[in-house]
Amino acid sequence: MPTTNDTKRKRWRKGGMTMTSNGDTSPMVSRCQTLQEAMQLMAARGLESVNVIDEHGRTVGRCTWRMMLRAAADGLDRSMPIGEVLTAFSDKWETKQEGVCAAMPMSESDSKATNELERLRRELEETHRLAETMKTVLDAAYEGVVVVDEDGVVREINRAYCQFLGIRREEAIGKHVTEVIENTRLHICVQSGIPERGYIQKIYGQPMVVHRISIWRDGKVIGAIGMLIFQGVSEVYEIFRRLQELSREASRKEKQETEAKPQETAASAPKGIERIIGRHPAIAAVKQMIRRAARVPSTVLITGESGTGKEVVARAIHEAGPHADGPFVSVNCAAIPESLLEAELFGYEDGAFTGAKKGGKPGKFQLAHGGTLFLDEIGDMPLAMQAKILRVLEEKKVEKVGGLSGTEVDVRIIAATNKPLEEMVRNGTFREDLFYRLNIIRIHLPPLRERKTDIPALLAYHMERMCRQFGVALKSFTKEAMEVLVHYSWPGNVRELVNVVEWLISMVEGEKVEREHLPSYLSTVQPAASSLPNGGVKMADRWKEMVYQSERERIAAALVAAGGNKAEAARRLGIHRSTLYEKLKKYGL
């Protein structure tokens, strides 16, 4: 008898599980148990397979989850003993390999393949659910949404847009967007890479407010999204009606003025966050950091390569913070000789040294009292001066050269450098205590080569700004020239880009900047030529239209921000009032 030896293990069924007399449990089922019991055991314990044993405890085969699925598909009776299921499968399955899988344990490679197939199945189901969810969201949206690929072909359009256009989704998918949507510029947005927000587009004779947003991947535009913001422009008309009422009221007040204020003719630059041009995720993160840093008086350290715009960020923090009404004083620590740096920063008393100005001179700290002191190139500051700067930061007092007492100052410090301060601290060329005192809020500016999607917008902004400043006709870029500029690495970053734009304004005679007009060192990249739709319309004409649209938007925004006061709007735009009147007439505002 198999049970006469004490070392033999006695087995019995308990709760749908095979157990041994010493309490050991294992994923096994008896060949006498039913198919239903095997299924319940595998489902309850999350098993992919269980061994099948006979009445003597010997393994006679293996029951897998694939067998369960096949049994269910074949409609086998769930009360059938699992032993009979094994026999039936060995006889019926088409290939011997399937029978071996049922009767023999799976190898390690088979198990890995099975796990991988299951993982892929779950991922496919999740992707399908996500796609269905996104389609539901698009169709439920009030706004019309259309998606095109890099060739301007419609790949997706939601129900709201189809209802407005009076077409079915199947009639739009696969067609060029110009065949589906009247007066669209979505294909132009794909080619230029420049987003167009809040534009007016006439569809079926009705003016509509639209957004056009290019989609970038790996530094290349792969498509664009068009959004129909309003199902009509009654809301927009109401806004303009109120704006016109405010404008008429402001005009009546202006008639009583005898002369314009002097500051009305001064050009005013954008303020605060508006100084930062770009929508790349890295720049969006920088803008978020600026907003947070502006709320508190903590010291800010701005890092980044030369030319990335560290002083622009510093001014944005100053203008958005509580010290905005105070002065903004900038000091380039690398441009001042070491012997004069202390006197420049802290000032000096009368007769402090030979050649000192009679009556003394206040230092930069005193001049920045109540405002912000920007210490640019802080990494080039001598060690001796670093100790004195640290003392001022801790005591909030400055002592002039040759002075006997300190003067309290209320100054926010923003420092910037393009050098690796951590490495300088390890090498002993920068004080560790000063580094930690400066590095409270850290903002890193990415180089221009890492945010190529912002290059078209930067070129458009600085081209328009400098053409207006120099009083010359606006110049536009051809598609070929823009491709070269986008693919260039820009080692000098935004500063180099601004210099190139200024050079082009000075050297190009006409209103179109062709590829051959660009400096030779920019043309090292040979972008592939691509055909233009709509009969080969030049990118320059499209670019010019984009700039005009952008100017119209800014004028409307300035009027809204100024409450309809044209004098205030002109100051915000940096133009004279008479120029503003001409533009209002030009754009029908």
Side-chain angles (χ1 to χ4, degrees), residues 191-195 214-222 269-270 274-287 290 302-316 332 334 376-377 379 416-420 443-467 469 475-508 512-529 539-540 543 546-547 550:
Q191 292 187 357
S192 67
I194 302 174
S214 41
I215 305 172
W216 290 77
R217 180 183 296 168
D218 299 329
K220 181 181 178 182
V221 179
I222 62 169
E274 296 176 3
R275 293 178 178 272
I276 315 298
I277 306 299
R279 296 182 178 274
H280 188 275
I283 288 300
V286 168
K287 292 180 180 180
I290 291 174
I302 306 172
T303 59
E305 296 180 6
S306 178
T308 50
K310 293 186 284 293
E311 183 168 352
V312 174
V313 172
R315 286 186 179 273
N332 190 323
D376 197 8
E377 306 296 349
T417 182
N418 60 0
K419 294 189 175 181
I443 299 178
H444 179 73
L445 298 183
L448 194 54
R449 62 181 175 273
E450 294 181 3
R451 55 182 188 107
K452 288 181 177 292
T453 55
D454 287 340
I455 291 176
L458 285 165
L459 288 168
Y461 171 78
H462 290 293
M463 175 64 78
E464 181 182 1
R465 177 181 63 84
M466 283 195 246
C467 285
Q469 177 182 342
K475 299 183 186 299
S476 56
F477 295 89
T478 63
K479 183 176 185 293
E480 292 76 14
M482 180 59 67
E483 286 180 344
V484 173
L485 293 169
V486 168
H487 286 84
Y488 179 59
S489 61
W490 298 105
N493 295 296
V494 180
R495 183 184 291 120
E496 182 183 4
L497 182 144
V498 173
N499 291 341
V500 168
V501 171
E502 184 173 353
W503 184 88
L504 291 171
I505 292 174
S506 304
M507 303 303 295
V508 177
K512 297 179 181 179
V513 178
E514 303 283 352
R515 178 174 178 173
E516 54 267 23
H517 293 150
L518 301 177
S520 58
Y521 70 90
L522 295 176
S523 302
T524 55
V525 178
Q526 303 292 332
M539 174 62 78
W543 186 272
M546 294 176 194
V547 174
S550 177

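By convention here, the first residue in the shown sequence is residue 1.
- Checking side-chain atoms of Lys475 against main-chain N and O of Leu504 turns up no donor-acceptor pair under 3.5 Å.
- The two residues Val513 and Ala481 have their closest heavy-atom pair at O-CB, 3.4 Å.
- Remark: Arg279 pairs with no residue by the salt bridge (charged side-chain N to carboxylate O under 4.0 Å, His left out) rule, at least two apart or across chains.
- Annotation: the span from Ser192 atom OG to Glu483 atom CD amounts to 11.5 Å, rounded to 0.5 Å.
- The line from CD of Glu514 to CD of Glu480 is 7.5 Å long, rounded to the nearest 0.5 Å.
- Listed by chain and number, the residues in a side chain to side chain donor-acceptor pair (under 3.5 Å) with Thr453 amount to none (sequence neighbours excluded).
- Closest heavy-atom contact between Ala314 and Ile302: N-CD1, 3.8 Å.
- Legend: residues meeting side chain to side chain donor-acceptor pair (under 3.5 Å) with Lys220, ordered by chain and number and at least two apart, are absent.
- Expressed to the nearest 0.5 Å, how far CD of Glu450 lies from OG1 of Thr308 amounts to 11.0 Å.
- A distance of 5.5 Å separates CD1 of Ile290 from CD1 of Ile443, quoted to the nearest 0.5 Å.
- Partners of Trp216 according to the ring-ring contact (aromatic ring centres under 6.0 Å, His included) rule, which considers only residues two or more places apart in sequence or in another chain, do not exist here.
- Listed by chain and residue number, Leu448, Ile455, Leu458, Leu459, His462, Trp490, Val501 satisfy the side chain to side chain contact (heavy atoms under 4.5 Å, CB included) test with Leu497 (two or more places apart in sequence, or in another chain).
- Contacts of His280 classified as side chain to side chain donor-acceptor pair (under 3.5 Å), with partners at least two apart in sequence or in another chain: none.
- Remark: the backbone N or O of Asp376 is not paired with any side-chain donor or acceptor of Lys310 at under 3.5 angstrom.
- Applying the salt bridge (charged side-chain N to carboxylate O under 4.0 Å, His left out) rule to Glu305 yields the partners Arg449; only residues at least two apart in sequence or on another chain are considered.
- With sequence neighbours excluded, no residue forms a side chain to side chain contact (heavy atoms under 4.5 Å, CB included) with Ala285.
- In this structure, Ser214 and Ile194 approach most closely via the heavy-atom pair OG-N, 4.2 Å.
- The line from OH of Tyr461 to CE of Met466 is 9.5 Å long, rounded to the nearest 0.5 Å.
- Here the straight-line distance linking atom OG1 of Thr303 with atom CG of Leu445 works out to 7.0 Å at 0.5 Å rounding.
- Take Pro281 and apply the side chain to side chain contact (heavy atoms under 4.5 Å, CB included) test, not counting sequence neighbours, and it matches no residue.
- With sequence neighbours left out, Glu502 forms a salt bridge (charged side-chain N to carboxylate O under 4.0 Å, His left out) with no residue at all.
- Using a distance-only test at 3.5 Å, with no hydrogens or angles considered, a donor-acceptor pair links the side chain of Asn493 to the main chain of Ser306.
- When all heavy atoms of Trp503 and Leu518 are compared, the pair lying nearest together is CZ3-C, 4.5 Å.
- In this structure, the side chains of Arg465 and Val498 come closer than 4.5 Å at one or more pairs of heavy atoms.
- Distance alone, capped at 3.5 Å, is enough to place a donor-acceptor pair between the Asn332 side chain and the Ala334 backbone.
- Closest of all the heavy-atom pairs between Leu522 and Val484 is O-CG1, 3.0 Å.
- Under the side chain to side chain contact (heavy atoms under 4.5 Å, CB included) criterion, Ser489 pairs with Pro491, sequence neighbours left out.
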